Each structure stands twice: as C-alpha cells, then as structure tokens.
**Student:** 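The following block contains the structure, expressed as structure tokens.
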Amino acid sequence: MSAVGSLLREWRNRRRLSQLDLANAAEVSARHVSLVETGNSRPSANMILRLAEKLDVPLRERNRLLRAGGFAERFPERPLDDDALATESGALRRVLHAHEPYPAVVLDRGWNVVMANRAVTAFLADTGSELTEPPMNLVRLGLDPRGLAGRIVNLTEVRSVFRRRIARQLAIAPDPELSAVYEEYLAAEPGQPLAESESDIVIPMIIRAGGRVLRLFSTITTFGTPMDVTLAEIAVESYYPQDDETDDYFRGLMSQ
C-alpha cells in the first residue's frame, strides 16, 4: 500500500466514512478511492487535497499527505512574529488589547500561550510558579497544584470541560505533545465520575484571588479559513466576568 494511500485510508477510518461515502463527497468513483488507497493509482496533488478537504484533514497533515504523495507542501508554517504574518499578528494583538481589562490569551495547538494581554500578566503576578514561565501551558497552569488548581473552586468541572475539549481535539488530529498533557492531567481514573457542564462553549470558572471569589466564563475564537498551518492551529481564549464583583476586581487590577 502506498504511503499516501495508507494515510488517506487512516483518515477515512478516523472519520468513520466508507470508500463510497468519501467518493460521493469528493465526486469521484468509489473504485478510484480504492485504487488510491491500495497504491494502484497515483493521485495528483489536487486529488490528494480534494480528498483531504472532504476528510477535514488539518493543514499540517495535508502537508504530510502531499509529501507522502511525492509533492511539495502547499501550506506554510511560520512563527507568529514572522514578517509574512505581520497583519495577522497585529490583529491578534489588537483583539487581546481590546479585551482588557479582562484576560485573554492566544493558544497554539498544544495549549501553549503564545500571546497574552496585560490582564493575564497582572492576574498571574503573584502565582510564583515555574508554570508561568514560557512556554506557559494553559492546561498545566490550570490543573497543576503548583499553578491555579488550588484556587479553582469548581476544579472538577473545569477539568471535565478540559477533558472533553482536548479529547475531541485529539480525535480530530492526534498530537503526541498534547496527548502527553492529556495523559498527565486529564486521563480519567477507573470509576472516576465526570462532572457535567452546562455548556462547552461558555466555560465557567470560579477562582479565588485577592481575597475574593471570582466567577468567570470563557469563549474561544479561531481563524475562519486559514491557509497557514500556524494560523489554523491557534485560538483566542477570552475570559469575561459573570458578576459585578469579578468585573470590579479586574478593573481595579488593571488600574494599579
């Protein structure tokens, strides 16, 4: 079986589609899909990308498919401070700044913080943990006892939300680094009940800070149609106050 054919078959099985399902979606014959998967037909770069799109393959893995098929990568991967991403980086900084006095961060695919606004820096100023040093991982920061875990009132619920979100992310696109974080902090122990949250879109968090109990929820924003691997894998997580006391806390924090 050819390398590209084998990879396409893995993605099709991961998406739980039959060859006929994929063929219909891509408007090709099921026989052609079978020939590609078994290595009896060499697909063009456009056909690889066509099948990958219908399989909702992440851009990073589409590059891998192209390489396996003997073609050059189509989707660049550049750091956010690259000149080619100056417009996008500037937009992200403006989004973070506009969200102040409330915290907001930009996360990569491994939940590492690659950008943060001043509210985050001020909020974590007294944490005093190596977990806040770059690269700061949001999962470790939130769930490790050396980080914020001891201050989060509804830790079981927060852990459950993290668990479901990252499990879905790994099902869509397996990643060794994120899998290691999941196993360290989120893998359920036998017989351990999972707390239910009212919503995975609006994520609640109750945390002690400055002698107060703060109530927050967060939302996630991603780029709609990115053509760059880096942009495809980042997300903006923005936190909002649920009550006036929390609102006053962050406004006061930013005025210091």
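In what follows, residues are counted from 1 in the order of the sequence shown. FYI, side chains are in, hydrogens and waters are out, and symmetry mates aren't considered; it's all heavy atoms of this structure. Here the structure is a predicted model, which means the values were calculated and not measured.
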**Student:** Which pair of heavy atoms, one from Arg15 and one from Leu55, lies closest together, and at what distance?
**Tutor:**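 Taking Arg15 first and Leu55 second, the nearest heavy atoms are NE-O, 2.7 Å.
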**Student:** If I compare all heavy atoms of Arg109 with all of Leu178, which pair ends up nearest, and what's the gap?
**Tutor:**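 Nearest pair, atom of Arg109 first, then Leu178: O-CD2, 3.7 Å.
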**Student:** I'd like to know if the side chain of Arg251 pairs up with that of Tyr102 as donor and acceptor (distance under 3.5 Å, no hydrogens or angles considered).
**Tutor:**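 Yes, because at least one side-chain N or O of Arg251 sits under 3.5 Å from a partner of the opposite role on Tyr102.
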**Student:** Does one hydrophobic cluster hold both Val4 and Leu35, with members joined at side-chain heavy-atom distances below 4.5 Å?
**Tutor:**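 No, no single cluster joins them.
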**Student:** Can you confirm whether more than 12 heavy atoms, excluding those of Asn13, are under 6.0 Å from its CG atom?
**Tutor:**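 Yes, enclosed.
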**Student:** State, without any angle test, whether Asn46 and Ser44 hold a side-chain donor-acceptor pair at a distance under 3.5 Å.
**Tutor:**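 Side-chain D/A pair, Asn46 to Ser44: absent.
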**Student:** Are the ring centres of His99 and Tyr239 closer than 6.0 Å?
**Tutor:**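 No - the distance between ring centres of His99 and Tyr239 does not fall below the 6.0 Å cut-off.
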**Student:** Do Met136 and Ile234 belong to the same hydrophobic cluster, where Ile, Leu, Val, Met, Phe, Trp and Tyr are linked whenever their side-chain heavy atoms lie under 4.5 Å apart, directly or via other members?
**Tutor:**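 No; tracing contacts between hydrophobic side chains, which count when under 4.5 Å, never links both residues.
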**Student:** Between Arg93 and Ser89, do the side chains contain an N or O donor and an N or O acceptor separated by less than 3.5 Å?
**Tutor:**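 No, no side-chain donor-acceptor contact under 3.5 Å.
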**Student:** Are there over 12 heavy-atom neighbours, none belonging to Arg64, within less than 6.0 Å of that residue's CZ?
**Tutor:**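 No - once you tally the heavy atoms of other residues, nucleotides and ligands closer than 6.0 Å, there are 12 at most.
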**Student:** Hey, is Arg165 close enough to Glu237 for a salt bridge, meaning N to O under 4.0 Å?
**Tutor:**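 Answer for the salt bridge query: yes.
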**Student:** Can you check salt bridge (Lys or Arg N to Asp or Glu O under 4.0 Å) on Arg50 and Glu53, steps first, answer last?
**Tutor:** CA-CA 5 Å; Arg50 188 174 178 179; Glu53 179 184 2; over 6 Å; no
**Student:** Write down the atom of Ala52, the atom of Arg62, and the distance for their closest heavy-atom approach.
**Tutor:**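 Residues Ala52 and Arg62, closest heavy atoms: CB-CG, 3.8 Å.
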**Student:** Indicate yes or no: at least one non-hydrogen side-chain atom of Trp111 is less than 4.5 angstrom from one of Val181.
**Tutor:**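 Not in contact.
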**Student:** Can you tell me if Asn63 uses its side chain to pair, donor with acceptor, with the backbone of Arg74 under 3.5 Å?
**Tutor:**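 Yes, the answer is positive, given that a donor and an acceptor are paired below the 3.5 Å cut-off.
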**Student:** Are Leu124 and Val139 connected into the same hydrophobic cluster when the rule is that any two of I, L, V, M, F, W, Y join if their side-chain heavy atoms are below 4.5 Å apart?
**Tutor:**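 Same cluster: Val139 reaches Leu124 through Ile, Leu, Val, Met, Phe, Trp or Tyr contacts under 4.5 Å.
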**Student:** Return yes if a side-chain donor-acceptor contact under 3.5 Å exists between Glu177 and Asn112, otherwise no.
**Tutor:**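 Yes, side-chain donor-acceptor contact under 3.5 Å.
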**Student:** Would the number of heavy atoms belonging to other residues, nucleotides or ligands and lying under 6.0 Å from CZ of Arg78 be above 12?
**Tutor:**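 Yes - once you tally the heavy atoms of other residues, nucleotides and ligands closer than 6.0 Å, there are more than 12.
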**Student:** How close do Leu186 and Arg163 get, heavy atom to heavy atom, and via which atoms?
**Tutor:**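 That would be O-NE, 2.6 Å.
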**Student:** Quick one: which residue pairs count as a salt bridge (Lys or Arg N to Asp or Glu O under 4.0 Å) with a foot in residues 132-144, not counting sequence neighbours?
**Tutor:**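 Sorted pair list: Arg140-Glu184, Asp144-Arg146.
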**Student:** What's the shortest heavy-atom distance between Pro204 and Val158, and which atoms?
**Tutor:**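 Smallest heavy-atom distance, with atoms named: O-CG2, 3.7 Å.
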**Student:** Would you say Asp126 has more than 12 foreign heavy atoms packed within less than 6.0 Å of its CG?
**Tutor:**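 Counting other residues, nucleotides and ligands, CG of Asp126 exceeds 12 neighbours.
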**Student:** Taking the side chain as C-beta and beyond, is there a heavy-atom pair between Thr219 and Val236 under 4.5 Å?
**Tutor:**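 With C-beta onward as the side chain, the pair stays apart.
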**Student:** Examine Leu49 and Leu17 and state if one hydrophobic cluster contains both, with Ile, Leu, Val, Met, Phe, Trp and Tyr joined whenever side-chain heavy atoms are less than 4.5 Å apart.
**Tutor:**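 Same hydrophobic cluster.
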**Student:** Could you tell me which non-hydrogen atom of Gly142 sits nearest to which non-hydrogen atom of Ile152, and how far apart they are?
**Tutor:**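 Of all heavy-atom pairs spanning Gly142 and Ile152, the closest is O-CD1, 3.4 Å.
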**Student:** Can Met254 be reached from Tyr240 by stepping across I, L, V, M, F, W or Y side chains whose heavy atoms are under 4.5 Å apart?
**Tutor:**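 No; Met254 is not reachable from Tyr240 via cluster members.
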